[in-house]
Amino acid sequence: MADDDTSRFQAGQTALIVRVPDAEPAVRAWRERFDPSAQAGVPAHVTVLFPFLDKSRTDARVCSALAAVLGSHHAFDLRFESCGRFPGVLYLAPEPGTQLRRLTEVIADHWPEAPPYGGQFAEIVPHLTVADGQDHAVLDEIEADLHGRLPFTSHISSVDLMVHDGTSWNERASFALLE
C-alpha cells in the first residue's frame, strides 16, 4: 500500500495484506518516519490487493467468498534478504514472490473490478514498503541500515482485510490459509 501521501487514502477504501511481524524490528522506525501507511496504522506487510472493494461492498457474502478463495491456498514462508526500489520508494523484496502473486491473481480474477493498484501497473511486484516519497540519499541511508538487519524469514498463514476510516487503517477480517 505504498502511497506518496496520506491524502490518497480515502474513507471506505479496503486492502488485502499479509502481515510480516518478523519485519517489525528491522523496519518499524523507518516506516513510522517514511511510510504513510505505517503512520495510518498499518503494520509491516506485503500488499495482496489494493484497492480492493469499497467498504460498503465487503459484506458477509464477500467475506465468505474471500475465506473460500484464500482458504484453498497453503500457508508459506517468505525470506527477506534484499532491498529493491521503485522511484522514491525503498522496499524489502520477499522471496519467493510466487505465492503472493498467485494470491493477488486469484482475488483479482474473482473480483475483476478490483485490479491490483487500480490497474496502474502491468506487473505485480510483491514488496514490503519501508520508505515512500524520499530522495536517493535518504533511501541509501535506510538501505545501508537494513543490510545489517537482513535476512529474516516470516511464516505467512493469513490474509487480512483492512479498511480505512478516513484517518487510519483497521482490520475488518482475517482469512486463514491452509496449514
Side-chain angles (χ1 to χ4, degrees), residues 1-4 8-10 12-23 27 31 35-38 40-59 61-132 153-164 169-179:
M1 291 180 354
D3 284 294
D4 54 12
R8 290 186 51 195
F9 300 137
Q10 298 171 11
Q13 281 185 314
T14 65
L16 293 164
I17 67 167
V18 294
R19 294 175 188 255
V20 185
D22 298 304
V27 303
R31 289 187 69 244
D35 180 2
S37 71
V42 182
H45 70 282
V46 177
T47 301
V48 174
L49 189 63
F50 173 80
F52 185 51
L53 305 176
D54 187 82
K55 176 186 172 188
S56 64
R57 293 193 52 209
T58 58
D59 58 12
R61 193 177 86 241
V62 166
C63 287
S64 178
L66 279 168
V69 169
L70 294 167
S72 67
H73 291 267
H74 288 277
F76 53 93
D77 289 336
L78 291 176
R79 184 162 173 84
F80 295 85
E81 54 187 48
S82 65
C83 295
R85 293 192 188 193
F86 302 126
V89 175
L90 178 72
Y91 64 86
L92 297 181
E95 292 296 332
T98 310
Q99 297 98 328
L100 292 163
R101 278 189 291 280
R102 184 70 190 128
L103 290 175
T104 300
E105 290 165 352
V106 298
I107 294 168
D109 286 349
H110 199 84
W111 287 277
E113 68 271 37
Y117 296 98
Q120 284 184 292
F121 309 104
E123 184 181 1
I124 298 166
V125 180
H127 60 281
L128 189 158
T129 300
V130 179
D132 189 2
T153 300
S154 192
H155 185 68
I156 306 301
S157 60
S158 64
V159 176
D160 296 341
L161 174 62
M162 304 291 287
V163 178
H164 197 268
W169 287 95
N170 301 286
E171 182 182 314
R172 167 102 183 254
S174 187
F175 306 97
L177 301 174
L178 287 172
E179 285 289 347

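The aromatic rings of F86 and H127 sit perpendicular to each other, their planes meeting at more than 60°, with 30° as the lower class boundary.
Among all heavy-atom pairs drawn from E171 and M162, the shortest one is CA-SD, 3.6 Å. The shortest non-hydrogen separation linking L49 to P115 is CD1-C, 3.9 Å.
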Please assess T14 against R172 for the test side chain to side chain donor-acceptor pair (under 3.5 Å), listing each intermediate value before the final yes or no. CA-CA 9 Å; T14 65; R172 167 102 183 254; over 6 Å; no
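The side-chain heavy atoms of H110 and I107, taken from C-beta on, include no pair separated by under 4.5 Å. A 4.5 Å side-chain heavy-atom check between V46 and F80 finds at least one atom pair inside the cut-off. Residues V20 and I156 have side chains in contact (heavy-atom distance under 4.5 Å, counting atoms from C-beta outward). A heavy-atom distance below 4.5 Å is not found between the side chains of D160 and H45. Contact check for V69 versus F175: no side-chain heavy atoms found under the 4.5 Å cut-off. Residues L100 and T104 have side chains not in contact (no heavy-atom distance under 4.5 Å, counting atoms from C-beta outward). By the 4.5 Å heavy-atom criterion applied to side chains, D35 and V130 are not counted as neighbours. The closest side-chain heavy-atom distance from S37 to R31 is below 4.5 Å.
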